[in-house]
Amino acid sequence: MDRLVEIRGLVKEFYGRGLVARRKGAVRAVDRVSLDIEKNTIFGLVGESGCGKTTLSRAILYLDPPTDGEVRFSGALLGALAPAQLRAFRRRMQIVFQDPNSALNPKMRISDSLEEGLVNLGMPKKQRLERVREILETVGITPAHSSRFPHEFSGGQKQRIVVARALTMDPEFLVLDEPVSNLDVSIQAQIINLLLDLKEKLSLTYLFISHDLNLVAYLSDRIGVMYRGRIVETGSTGQIMDEPVHPYTRDLFASSLSVGGALSREAAEQAGTKDEAEEEHAPAHRAGCPYSGRCGQMDSSCLDREPELVDVGDGHLVACLRTGPGAADRGAADRGAEAQPGTPKRSSNVRNVFPE
Amino acid sequence: MADGHNGTLLAIEDLDVSFQLEGGTAYALRGIDLSLAEGEIHSLVGESGSGKTVTSICIMGLLPEPAAEVNRGRILFRGADLLALPEGERRRTRGRQIAMVFQEPAKYLNPALKVGEQITESLRLHLGMDRADAVTRAGEILELVGLSDTRRLLGSYPHELSGGMKQRVMIAMAVSCEPSMLIADEPTTALDVTLQLQILKLIRDLRDRFSMGVLFISHDLGVVHQISDRVSVIYAGKIVESAARERLFGEPLHPYTRLLLLSIPDARRRGQRLRAIPGRVPDAEHFPQGCAFHPRCPLAEEICSREVPESREYAPGHQAACFMIGKKWIDL
C-alpha cells in the first residue's frame with residue numbers, strides 16, 4: 001500500500017507570552033503522535049474537545065509547524081523544505097473547517113474566494129473562471145450563483161462552497177475538521193455523501209476529525225482515538241468497532257448515543273466514566289497513564305509509568321498498561337462487570353444528602 | 001397514562017406565534033398542540049429554525065415583544081392559561097414552577113456574580129428564605145447535581161468552572177425551587193459526549209426525585225432516544241408526529257421522521273450511502289404552501305402542495321400529520 005502521509009513522534013507545544021509565563025513551561029497539546037495515512041483512504045481521528053485533534057491537523061499541514069517530530073508527505077520531509085518548496089506542497093493538502101460561516105470572507109463574492117488560490121498560481125482569468133465553474137458544479141452549487149456573497153447561501157451550501165474552495169487547487173489530501181458539526185441533521189447526510197463521492201471521483205485521501213464516534217466509524221477506514229494529546233488506540237475501523245481495547249475507547253463507545261445502535265438505552269445507562277470534576281483538578285502532567293484519573297480499570301501499576309502504543313495484533317495499537325497477551329479477552333469479559341465501580345457514584349451522593 | 005386533565009401538567013393548544021421582521025412576517029409557530037404529563041420527559045425534536053426554542057420561550061413568557069405576536073392558542077399549566085395571566089403572576093410562576101436550562105451555560109450565567117449569589121437569588125425571591133438558609137440550601141442543591149466541594153464552589157465565579165460544571169450549576173439554579181416543570185433547551189449540545197451522558201442521567205435522576213415534567217428540546221435523535229418517554233417531531237412550525245419513544249423510533253409514520261432516522265450515520269451501515277433528505281429547511285418567512293415538507297418529500301402528490309394535512313391518531317397516543325400515511329411507503 002502507498003502511504004501518503006507519515007507522521008513520526010509529532011509534538012506540538014505552546015508557550016505562554018512574556019517572561020513569567022514562559023518560565024512556567026509549555027503546554028504540550030500534541031504528544032509524540034505517530035500515524036500513517038494510506039492513499040485514497042479515510043483516517044478518522046476522534047476525541048473530546050481539547051484533546052488536540054485540531055492542533056495535530058494544523059501541525060501536519062505545517063500551518064503551525066510542530067515543535068518536534070517528522071511529517072512526510074508522499075515521501076518528502078516537510079520540515080526540511082524551504083518555504084517556497086513547502087508552498088508547492090500546500091497545494092496538494094487542503095483543509096475544510098468546522099464553521100462555514102467564519103471560513104468564508106463575508107465581503108468577497110464566492111467566485112473571488114474560490115479564485116484566490118488560482119490567482120496565486122498565476123492562472124489566467126479565463127481558465128480560472130472555467131475551473132471555478134467546474135468545481136462548483138462538482139459540489140452541487142449552480143455556477144450561475146458564483147457572483148453571490150456568502151450570506152446568500154444556507155449553511156449546507158456554504159459548507160459545499162468551502163469544500164469547493166479546498167478543491168480548486170486539485171489537492172490529494174484533505175483535512176476535514178468537524179465538517180458537519182454545525183449543520184442540521186438532514187443537511188449533514190448530504191455533505192457526507194458529497195465527501196464520499198468526491199473521494200472516489202478525485203481519488204482523495206482524508207483526515208476526518210470529529211467528536212462523533214458513530215460518524216467516524218461510518219466513514220473511516222482506520223481510526224485513531226486521541227486523549228490528552230496522545231493517540232491511545234488506533235487500528236482498522238473493524239478492530240476499533242468490534243474489539244475496542246483501551247478503556248477510553250470503550251467509554252467513548254458507551255457514551256456515544258445512537259438510535260438503536262449497538263448499545264441499548266439501559267446499557268448506555270450502565271456505562272460511563274468517572275466524575276469529571278476530579279479530572280479537572282488533576283495536574284496536566286501526572287505520572288503514569290494520562291487516563292488513570294478517569295479509568296474504571298485503573299490499578300496502582302498504572303501510575304508507575306506511561307503506557308506506550310503496543311501492537312495487539314494486525315496493526316491494532318493500544319497504549320494501556322493493562323494490555324498484554326489476552327488482555328482483549330479479559331476486557332471483553334469484564335466489560336459488563338466494570339460498570340459498577342465508576343457509575344453509581346453520583347446517585348449514591350444524592351441519597352446521602354437527602355435520605356429517603 | 002397522560003389522559004384526562006388530572007395527569008396533564010402542561011397542554012399547548014393550537015399555539016400560533018409570528019414575528020414582525022423588517023422584511024416581512026416570520027411564522028414561527030403555526031398551530032402547535034403538545035401535552036406534557038406530570039413527571040414525563042417529553043422531547044421536542046427538530047432542526048434549526050423549526051420553532052423549538054420559540055415554543056420554550058413562549059411557555060416561559062420571554063418572547064421579545066412587540067416583535068413577537070401570539071396570534072392564537074392557549075398554554076394551559078395545570079389548567080390555567082399562562083398567556084392570560086397578568087405579568088406579575090407570570091413572573092411568580094417563572095423560575096418557581098417552570099424553570100429552564102439553556103444550551104450554553106456560559107451565556108446564561110452572570111460572569112460578574114459568584115455562583116452562590118446566583119443560586120440564592122431565586123431561593124430568596126421565590127421562597128422567601130433568609131440569606132443563611134438560602135446558602136445552606138444552595139450547597140445542598142449543588143451536591144444534588146453531583147458537584148463536590150460546594151463551599152468553594154459557591155464562592156467561585158462562572159469562568160473558574162469547566163463547561164460540564166457550569167451546566168450543572170445552571171441545572172442547580174433551575175431546580176433550586178423544586179419546580180414542577182423543567183424546560184431543557186439543548187442542555188448537552190455544547191458538551192463532550194462523555195459529559196453529555198452524565199448530564200442526561202442527572203436530568204432523569206432529578207425528574208425522579210422531584211417528579212418534574214421535563215420538556216426536552218433537542219435536534220439530536222440519539223440524545224432524544226436516550227432520555228425521552230414521549231417524542232414530538234416539529235418541522236416548519238408544526239408538530240408532524242408525536243408518539244411514545246418506542247413507537248416513534250420503532251414504527252415512525254411521517255416521511256420526515258422516517259428520513260431523519262435514515263440520515264443518521266451508523267457504523268453498522270458502513271459502505272452504504274446515507275439517505276439524505278434533499279433540499280433544506282425552509283425559513284419561517286417563506287414556508288411552502290400546503291404541507292411544509294412537500295418540496296422535500298419523496299411521497300408528495302398534488303394534494304400535499306395544496307392542503308395542510310391535519311394531525312390524526314393512527315394508534316393510541318401516536319399522531320401524525322401526513323396525507324400519504326397508509327397510502328404510500330418510503331422504500332428502505
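Heavy atoms closer than 4.5 Å to chain A are found in both the backbone and the side chain of B/E47. A/D197 touches chain B through its side chain: at least one heavy atom from C-beta onward sits under 4.5 Å away, while N, CA, C and O do not. Within the 4.5 angstrom heavy-atom criterion, only side-chain atoms of A/T237, from C-beta onward, approach chain B. With a 4.5 angstrom heavy-atom cutoff, B/L200 touches chain A only via side-chain atoms.
Screening A/L215, A/N214, A/L219 for a side-chain contact (heavy atoms from CB on, under 4.5 Å) with B/P265, the sole residue that qualifies is A/L215.
Of all residues in residues 180-193 of chain A, those placing a non-hydrogen atom less than 4.5 angstrom from a non-hydrogen atom of chain B are A/D184, A/V185, A/S186, A/I187, A/A189, A/Q190, A/I192, A/N193.
Using modelled atom types, no side-chain atom of A/Y218 and backbone atom of B/I264 make a donor-acceptor pair closer than 3.5 Å. Remark: side-chain polar atoms of B/R270 are not paired, donor with acceptor, to backbone N or O of A/D221 under 3.5 angstrom.
Applying the side-chain contact (heavy atoms from CB on, under 4.5 Å) rule to B/A292 yields the partners B/R30, B/Y235, B/A236, B/P288; only residues at least two apart in sequence or on another chain are considered. Looking at residues two or more places apart in sequence or on another chain, you find no side-chain hydrogen bond (donor to acceptor under 3.5 Å, both in side chains) involving A/S210. Under the rule for a side-chain hydrogen bond (donor to acceptor under 3.5 Å, both in side chains), the partners of A/E48 that lie at least two apart in sequence or sit in another chain are A/Y248, A/R294, B/T194.
Between chain A and the options B/D149, B/V281, B/L191, B/V193, the largest number of non-hydrogen pairs under 4.5 Å is found for B/V193.
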